[in-house]
Amino acid sequence: MPKVIAILNQKGGVGKTTLAVHIATALARKNRKVLLVDADPQGSALDWAAARHGEPTFPVVGLPKSSIHKELPALAKDYDIVLIDGPPRVYDVARSAIMASDLVLVPVQPSPYDVWAAKEIIDLLNEATVYKPTLQKAFIINRKIVNTAIGRDVAEALSSYPIPVLQTAICQRVAFAESATKGLTVYEIDPDMLAAQEMSQLAAEVEEMLP
Ligand SMILES: Nc1ncnc2c1ncn2[C@@H]1O[C@H](COP(=O)(O)OP(=O)(O)O)[C@@H](O)[C@H]1O
Ligand SMILES: [Mg+2]
């Protein structure tokens, strides 16, 4: 059975799609068989895949439904790792993604608004612990501004929630938006750049959390 990682936050624009695409790429580069499931009705990950010219690194399928947990086992049986790019707002889809997952990652930007808004997804995750006691969860700080303490401040603010914050934060870097325009990732722009290095470090930390 594949390991399933959902990237969820009811708030939009926090980096769910960016992280889903990049973690999927980082793991595919380590020769894992990866499937990316776009669970957002807006279909951003599908748009990203459609903008791409070269060979896809991994397939992307759309499944913006509250039946993900039922449909995924058949769909994902030939893969090592499935990433679910979550939707904003839609609760029933987020619940289904949680039910399908081994690990839920919650991206947050270093802003108090994001810290407050995280309460919604934390409430959903708390609900889930009743029927999924083994579910792993973690925050990822995304768009940290290089050389500022705001990432640390936010990690501190997030410590009032019952889930850990991953060590690796992803910094604010224009290469993320630039690469997405062409259906690419920062790896394809320049695998030696800091953005790619951070992403590989993050993916390694994420893989270690898998049961
Ligand atoms: N670390 C980052 N540095 C710079 N831009 C980022 C970063 N993460 C995300 N973005 C940009 O922020 C916007 C929202 O990100 P996205 O992944 O679409 O969020 P979500 O899926 O949560 O709505 C996009 O334009 C994306 O390119
Ligand atoms: Mg998205």
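Counting starts at 1 for both ligands and their atoms, in listed order. Sequence positions, counted from 1, serve as the residue numbers for this chain.
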### Pairing of K11 and D114 as salt bridge, 4.0 angstrom limit
yes
### Task
Could you list the atoms of ligand 1 found under 4.0 angstrom from a heavy atom of T17?
17 (O), 21 (O)
### Task
Would you check if the side chain of E205 reaches a backbone N or O of L166 as a donor-acceptor pair within less than 3.5 Å?
no
### Query
Measuring to protein heavy atoms, does anything land under 4.0 Å from atom 24 (C) of ligand 1?
no
### Query
Which ligand 1 atoms are under 4.0 Å away from a heavy-atom of F176?
1 (N), 2 (C), 3 (N)
#### Entry: L103 side chain reached by K3 side chain, heavy atoms, under 4.5 Å
no
### Query
Considering only heavy atoms of A177, which atoms of ligand 1 have at least one such atom less than 4.0 Å away?
27 (O)
### Task
May I ask you to check whether W48 and F176 place their ring centres under 6.0 Å from each other?
no
### Query
Does some side-chain heavy atom of V154 sit less than 4.5 Å from a side-chain heavy atom of V115?
yes
### Task
Any atoms of ligand 1 less than 4.0 Å from a non-hydrogen atom of G15? List them with their elements.
15 (O), 16 (P), 17 (O), 19 (O), 20 (P), 22 (O)
### Summary
Any heavy atom of N142 under 4.0 Å from ligand 1? The part involved is side chain
### V90 and P41, any side-chain heavy atoms less than 4.5 Å apart
yes
### Summary
A student checking ligand 1 against C171 at a 4.0 Å heavy-atom cut-off should list atoms 1 (N), 2 (C), 3 (N)
### Task
Give, for atom CE of M199 and atom OH of Y187, the distance between the pair rounded to the nearest 0.5 Å.
7.0 Å
### Query
Which ligand 1 atoms are under 4.0 Å away from a heavy-atom of V14?
19 (O), 20 (P), 22 (O)
### Task
List the steps and the verdict of side chain to side chain donor-acceptor pair (under 3.5 Å) for T185 and E188.
CA-CA 6 Å; T185 63; E188 293 154 302; 3.1 Å; yes
### Task
With the side chain counted from C-beta on, respond yes when V4 and V37 share a heavy-atom pair under 4.5 Å apart, and no when they do not.
no
### Query
Would you say A20 contacts ligand 1, with heavy atoms under 4.0 Å as the rule?
no
### Backbone N/O of A20 and side chain of D85: donor-acceptor pair under 3.5 Å
no
### Query
Does T25 use its side chain to pair, donor to acceptor, with the backbone of V21 at less than 3.5 Å?
yes
### Query
Within the stated cut-off of 2.8 Å, is an N/O/S atom of T17 closer than that to the Mg ion (ligand 2)?
yes
### Task
Report yes or no: does a heavy atom of G13 sit under 4.0 Å from some atom of ligand 1?
yes
### Query
Would A180 count as a contact of ligand 1 if the rule is a heavy atom under 4.0 Å away?
no
### ligand 1 atoms in contact with I170 (distance to a heavy atom under 4.0 Å)
1 (N)
### Message
Polar contacts were defined as any N/O atom of the residue lying under 3.5 Å from an N/O atom of the ligand; does this apply to R173 and ligand 1?
### Response
yes
### Query
Looking at ligand 1, does any of its N/O atoms fall within less than 3.5 Å of an N/O of G12?
no
### Message
What protein heavy atom lies closest to atom 12 (O) of ligand 1? Include the residue and the distance to one decimal.
### Response
R143 NH1, 2.7 Å
### Query
Quick check: does T18 get an N/O under 3.5 Å from an N/O on ligand 1?
yes
